[in-house]
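Encoded as structure tokens, the structure appears first; notes follow it.
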There are 2 protein chains.
Amino acid sequence: MPKRSKKEAAEGDAGEEAGRRPAKSSRGEAPALYEDPPAREVTPGGQRFTLKVTSWNVDGLRAWLRKGGLQWVQEEAPDVLCLQETKCGGAAVPPEIRGLPELPHQFWASPEGRPGYSGVGLLARHEPLSVTYGIGEEEHDREGRVVTAEFPALFVVAAYVPNAGRGLVRLEYRQRWDVAFRSYLARLDAQKPVALCGDLNVAHAEIDLRHPRANRRSAGFTAEEREGFGALLEAGFLDSFRHLYPSVPHAYTFWTYLGGARDRNVGWRLDYFVISRRLEGALCDSKIRSRVLGSDHCPITLYLAL
Amino acid sequence: MPKRSKKEAAEGDAGEEAGRRPAKSSRGEAPALYEDPPAREVTPGGQRFTLKVTSWNVDGLRAWLRKGGLQWVQEEAPDVLCLQETKCGGAAVPPEIRGLPELPHQFWASPEGRPGYSGVGLLARHEPLSVTYGIGEEEHDREGRVVTAEFPALFVVAAYVPNAGRGLVRLEYRQRWDVAFRSYLARLDAQKPVALCGDLNVAHAEIDLRHPRANRRSAGFTAEEREGFGALLEAGFLDSFRHLYPSVPHAYTFWTYLGGARDRNVGWRLDYFVISRRLEGALCDSKIRSRVLGSDHCPITLYLAL
DNA sequence: CTTTGCAAG
DNA sequence: CTTGTAAAG
């Protein structure tokens with residue numbers, strides 16, 4: 001692992017330094033606990049982190065780049081960067097990103113014949129031992145939703161889970177996905193610890209969205225999707241953020257663009273680092289960079305001491 | 001006709017007053033003759049104008065409104081306003097326009113099942129005697145291209161002539177249109193004088209576009225379209241601008257958005273006031289407001305002494 | 001409300 | 001290059 005500069009250590013301020021700190025919420029809802037202070041950069045056992053992973057649903061890589069998202073990433077300086085909803089891949093990835101010197105090992109997945117839809121990227125400082133695309137099931141591997149990179153100590157999985165859609169038109173498909181994806185992750189976990197990073201398109205519990213009552217039958221908060229997430233945890237995984245901050249409310253990673261939801265912190269926690277339970281002792285911190293702009297999601301960052 | 005205020009009389013400056021005068025062309029190509037001075041507001045016989053008509057291809061009424069096009073129109077203060085490529089009609093016309101006190105009589109045409117395409121509007125200070133839509137032929141009346149208003153002394157026809165398309169895919173249709181439209185105008189002209197106002201989608205002669213050689217087979221400058229325009233003039237009409245300014249070059253009304261064509265005045269004269277020959281004595285001026293921004297076309301204004 | 005690709009100009 | 005659209009979120 002590379003040495004850390006003083007500036008990199010102060011990653012809690014990165015959003016502010018970039019001048020992209022939005023107007024303070026009039027309700028002051030977004031708590032500072034998990035975003036303001038410097039990271040807890042040690043485990044409870046006192047080990048310093050050795051791996052920093054950032055995940056961000058960019059809602060269109062090219063628009064995100066125009067909005068300065070990449071500058072924030074450079075200040076955050078993660079070892080691995082997982083991007084979701086790139087809405088482009090391969091040749092359409094802008095050269096500023098392709099040529100990033102800090103993250104030279106880049107792997108992009110995008111749908112077959114559907115430009116502008118879905119798409120994920122995994123970018124790494126160090127070359128992975130191996131990289132795979134999809135989850136090994138024909139039905140689920142057509143939409144550019146998963147890239148898995150194997151490193152010496154763990155698998156990093158960048159994922160963009162299918163949205164159940166308006167009117168839940170795709171909820172049934174989503175349930176098939178959840179089963180298949182859980183099985184995929186369990187298979188990986190049988191080999192090596194796993195860090196699943198991404199937009200899982202579900203708010204697990206009532207604490208994870210602003211208006212749980214109103215959203216009982218909304219995509220991302222149906223019983224079906226919540227149970228899918230619960231089943232994943234039961235299969236041997238940990239919701240790293242909630243594990244560290246079991247009762248912090250108003251901690252969201254997504255705010256619809258409609259109606260100024262973000263200014264009022266009317267949001268959802270849809271982005272996660274879900275890690276193998278046996279990584280619990282390696283977990284330093286799991287942070288939500290809720291003030292960082294550039295998308296309808298904010299970035300999140302994981303610190304592990306491996 | 002209403003009295004003219006001092007400000008209205010100085011319509012040559014309207015674009016400038018609105019603060020929308022663009023940077024001067026580096027080549028200084030746009031001559032001042034037909035745009036800078038106050039209008040010739042009298043006929044050669046010394047009669048003062050009594051009717052002022054402005055025509056503008058707005059390339060999307062709603063975007064044009066956001067860009068401030070309406071303010072310029074209010075300073076120009078025409079008695080009749082003809083708009084082309086509104087890309088909306090009826091209920092989609094913004095209320096700021098629907099409620100214009102100076103032009104309360106409004107008539108909008110738009111295509112059947114094709115929102116966002118074509119569309120023309122005719123707005124008048126005084127109520128017309130009658131208004132008709134289209135040119136009376138089924139094949140040509142599905143795209144919201146023509147509104148005709150009958151006034152005591154003449155017909156005003158607002159028209160957006162079909163573009164022959166990239167690769168001239170619609171040139172054949174355009175030729176059928178030209179025949180039918182000419183016949184329609186001749187029929188009107190048999191009743192009362194006509195002022196045809198609009199985007200005729202043809203540059204008549206080499207003087208009417210910057211690169212005639214390169215555009216011999218481009219939509220808007222094919223022999224077929226040019227001959228169609230010639231046939232219209234032979235049917236008893238006058239190209240009012242060219243009649244008054246027979247040899248003024250670089251007088252354009254359209255510049256493609258591609259490659260900064262407008263800054264270099266690489267344009268086409270596609271917008272016209274074509275009037276019945278017997279209105280020659282009533283013709284005061286025909287002006288091209290080439291510095292007025294808000295669309296890829298500029299507005300044009302006709303002054304008649306009826 | 002925003003991104004994308006598309007058709008059209 | 002810009003408009004408007006649709007699909008998607």
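Quick note on labels: first sequence line is chain A, next is B, and so on, each numbered from 1.
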#### Entry: Listed partners of B/Glu138 passing side chain to side chain contact (heavy atoms under 4.5 Å, CB included), at least two apart
B/Arg142
### Short N-O contact, A/Arg182 and A/Asp178, less than 4.0 angstrom
no
### Task
Kindly state each residue pair satisfying side-chain hydrogen bond (donor to acceptor under 3.5 Å, both in side chains) with at least one member in residues 110-122 of chain B, sequence neighbours excluded.
B/Tyr117-B/Arg145, B/Tyr117-B/Arg170
### Query
Is B/Arg262 positioned over the aromatic face of B/Tyr257, cation under 6.0 angstrom from the ring centre and no more than 45 degrees off axis?
no
### Task
For the residue pair A/Asn265 and A/His250, confirm or rule out a side-chain donor-acceptor distance under 3.5 Å.
no
### Message
According to side-chain hydrogen bond (donor to acceptor under 3.5 Å, both in side chains), who are the partners of B/Arg62, at least two apart in sequence or on a separate chain?
### Response
none
### Query
side-chain hydrogen bond (donor to acceptor under 3.5 Å, both in side chains) with B/Asp239: which residues, sequence neighbours excluded?
B/Arg269
### Summary
Across all chains, not counting sequence neighbours, the side chain to side chain contact (heavy atoms under 4.5 Å, CB included) partners of B/Ala164 are B/Leu168, B/Leu171, B/Ala219, B/Glu225
#### Entry: Covered region of DNA chain D, 5' end to 3' end, by chain A [heavy atoms, under 4.0 Å]
D/dA8 to D/dG9
### Query
Using a cut-off of 4.0 Å on non-hydrogen atoms, how would the nucleic acid contact of A/Arg62 be classed: base, sugar-phosphate, or nothing?
sugar-phosphate
### Summary
Contact check, residues 169-180 of chain B vs DNA chain C, heavy-atom distance under 4.0 Å, returns none
### Query
Start at the 5' end of DNA chain C and walk down; is the nucleotide closest to A/Gly260 or to B/Arg166 reached first?
A/Gly260
### Summary
Under a 4.0 Å heavy-atom criterion, DNA chain C is touched by chain A from C/dC1 to C/dG5
### Query
For the residue pair A/Trp268 and A/Phe254, does the interplanar ring angle fall in the parallel (under 30°), tilted (30 to 60°) or perpendicular (over 60°) class?
perpendicular
### Query
What are the residues of residues 158-165 of chain A, sorted by number, that bring a heavy atom to within less than 4.0 Å of DNA chain D?
A/Tyr160, A/Asn163
### Query
Looking at residues at least two apart in the chain, or sitting in another chain, which of them share a side chain to side chain contact (heavy atoms under 4.5 Å, CB included) with A/Leu100?
A/Leu70, A/Gln74, A/Glu102, A/Leu103, A/Gln106, A/Leu123
### Message
Please compare B/Glu85 and A/Asp59 by the position of their nearest nucleotide in DNA chain C and report the one closer to 5'.
### Response
A/Asp59
### Task
Name all residues meeting the side-chain hydrogen bond (donor to acceptor under 3.5 Å, both in side chains) criterion together with B/His140; count only those two or more places apart in sequence or in a different chain, and write none if there are none.
B/Tyr173
### Message
Regarding B/Arg114, tell me which of base, sugar-phosphate or nothing describes its non-hydrogen contacts under 4.0 Å with the strands shown.
### Response
sugar-phosphate
## Note on the structure
By side-chain hydrogen bond (donor to acceptor under 3.5 Å, both in side chains), B/Glu139 pairs with (sequence neighbours left out) B/Arg176
### Task
Enter the distance from B/Glu85:CD to B/Trp64:CH2 here, rounded to the nearest 0.5 Å.
14.0 Å
